[in-house]
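Beneath this line is the structure, given in structure tokens, with notes to follow.
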Amino acid sequence: MIKLGRNTDVFGGSNGAAIILLSQKSQIIFDGFCSIGIDYALRVTGGKLHFGNYSRLGSYVLVSCSTYVRIGANTDVTFGCQILDSNFHYIHYIEKGLTKRHSEQIIIGDSNWIGNHSSIMKGSKTAANTIVSLNSLLNKDYSKLYNQENILLAGSPAQKVMDNCKRIFSYKKEAEVNIFFKKNPKIHTYDVKSEYRDKINDMISFFE
């Protein structure tokens, strides 16, 4: 099921400005469930925009795709982000006498959490379970640069600032952790006691 115009972020109201621009020979592919917020802009001009199952775009997100953009399964792109696979115009490097390609595909891995107002630019790739801090700028293949999952990227341009971390996506588990911290206001960490893995069934309710 594809749901558009869901104000789940609740950081503002709608201006009625959502738009989907799909030119000839362009595609938007949904592998399954997908939820998209309010006042979004999806601009696909000759490219292919691919949403993995249980993917989410927050409100006020802009996606411009002229080659190929994939948003991984169970990935959450939060409010105010922009994903642009093109610089739109060419830059000529005078000393080298070269002009580089202005567009390149973007691959956002599965179970990523993209912090609000981040920019994901052409050529960006992330591994599974990557967290991107708010207001970050991604502009390279981080899956190749660091060759690992479960990392935190931050900065402009972004770089790895933490290893071995991932978001808890399960709403059931998140509620459990919330209850623990409310009952224990002086404790700052919650011990899971075993390797934690999200269960898809705990997240389906968001898409219903």
Side-chain angles (χ1 to χ4, degrees), residues 8-12 34-37 39-42 49-52 54-65 67-88 91 100 102-171 173-174 177-178 181 187-192 195-198 203 206:
T8 55
D9 305 303
V10 198
F11 286 112
C34 182
S35 174
I36 300 178
D39 293 2
Y40 56 87
L42 306 181
L49 175 57
H50 189 175
F51 290 93
Y54 297 111
S55 56
R56 299 173 292 281
L57 294 187
S59 297
Y60 322 116
V61 168
L62 166 65
V63 181
S64 180
C65 171
T67 59
Y68 178 71
V69 174
R70 183 181 187 275
I71 298 170
N74 192 42
T75 282
D76 190 357
V77 180
T78 60
F79 66 95
C81 289
Q82 58 178 354
I83 302 171
L84 310 172
D85 73 346
S86 175
N87 292 336
F88 302 104
I91 297 175
K100 293 185 178 180
H102 66 36
S103 302
E104 192 175 349
Q105 68 178 14
I106 292 173
I107 308 292
I108 303 174
D110 294 342
S111 299
N112 276 212
W113 180 22
I114 312 299
N116 65 81
H117 294 96
S118 291
S119 296
I120 301 178
M121 310 305 292
K122 70 179 183 72
S124 297
K125 296 180 182 179
T126 61
N129 294 304
T130 295
I131 300 173
V132 177
S133 178
L134 77 167
N135 292 315
S136 294
L137 170 67
L138 275 63
N139 62 356
K140 57 180 64 72
D141 185 348
Y142 296 92
S143 64
K144 182 178 180 180
L145 178 63
Y146 298 117
N147 193 30
Q148 64 182 123
E149 301 179 358
N150 305 307
I151 62 173
L152 170 62
L153 300 174
S156 180
Q159 59 183 341
K160 183 177 69 171
V161 295
M162 186 179 295
D163 294 295
N164 299 314
C165 60
K166 63 180 179 179
R167 175 182 163 178
I168 292 177
F169 281 102
S170 166
Y171 297 108
K173 190 66 176 182
E174 191 172 63
V177 176
N178 275 332
F181 283 124
I187 298 178
H188 298 285
T189 57
Y190 175 79
D191 189 357
V192 177
E195 182 182 0
Y196 175 74
R197 294 185 180 181
D198 288 300
M203 298 176 282
F206 179 84

Given the rule in the side-chain contact (heavy atoms from CB on, under 4.5 Å) test, do D9 and N116 qualify, once you have shown the distances and angles that lead to the verdict? CA-CA 11 Å; D9 305 303; N116 65 81; over 6 Å; no
I would like to know whether V63 and Y40 meet side-chain contact (heavy atoms from CB on, under 4.5 Å); could you show each step before the answer? CA-CA 8 Å; V63 181; Y40 56 87; over 6 Å; no
Please evaluate residues S119 and Q82 with respect to the criterion side-chain contact (heavy atoms from CB on, under 4.5 Å), reporting the C-alpha separation (whole Å), side-chain torsions for both, the decisive distance (0.1 Å), and the verdict. CA-CA 5 Å; S119 296; Q82 58 178 354; 2.9 Å; yes
How far apart are the C-alpha atoms of I151 and T126, what are their side-chain angles, what is the distance that settles it, and do they pass the side-chain contact (heavy atoms from CB on, under 4.5 Å) test? CA-CA 10 Å; I151 62 173; T126 61; over 6 Å; no
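Annotation: the span from N129 atom CG to S111 atom OG amounts to 5.0 Å, rounded to 0.5 Å. The structure places CG of D141 at 9.5 Å from CD1 of I107, a figure rounded to the nearest 0.5 Å. From D76, atom CG reaches atom OH of Y54 across 15.0 Å, with rounding to the nearest 0.5 Å. Atom OG1 of T67 is separated from atom CD of E104 by 8.0 Å, given to the nearest 0.5 angstrom. One distance of note links CD1 of I108 with CD1 of I71; it measures 5.0 Å at 0.5 Å rounding. E149 CD to N112 CG: the interatomic distance, rounded to the nearest 0.5 Å, is 9.5 Å.
Taking 4.5 Å as the limit, every side-chain heavy atom of N74 sits out of range of all side-chain heavy atoms of D110. For the pair M121 and L137, the minimum side-chain heavy-atom distance is below 4.5 Å. Within the 4.5 Å cutoff, side-chain heavy atoms of H102 are placed close to those of S86. Between L42 and L57, some side-chain heavy-atom pair lies under the 4.5 Å cut-off. Looking only at side-chain heavy atoms (C-beta outward), R70 and Q105 stay at 4.5 Å or farther from each other.
Residues meeting the ring pair (Phe, Tyr, Trp, His ring centres under 6.0 Å) test with Y146, sequence neighbours left out: none.
Of the possible donor and acceptor atoms, none in the side chain of T75 sits under 3.5 Å from a partner among the backbone N and O of S55. Not one N or O on the side chain of Y142 forms a donor-acceptor pair closer than 3.5 Å with the backbone of T130.
The minimum heavy-atom distance between I106 and G123, with the atom names listed, is CG1-N, 4.1 Å. In terms of heavy atoms, S136 sits closest to L153 at OG-O, 4.0 Å. In plain terms, the two heavy atoms of F51 and C34 that are nearest each other are CD2-SG, 3.8 Å. The two residues P157 and K140 have their closest heavy-atom pair at CB-NZ, 4.2 Å. In terms of heavy atoms, G80 sits closest to V61 at N-CG2, 4.1 Å. The minimum heavy-atom distance linking S124 with L138 is given by the pair OG-O, 2.9 Å.
Annotation: H117 is in aromatic contact with F79 [ring centroid separation under 6.0 Å].
Using a 3.5 Å distance cut-off with no hydrogens or angles, the side chains of S59 and D39 do not pair a donor with an acceptor.
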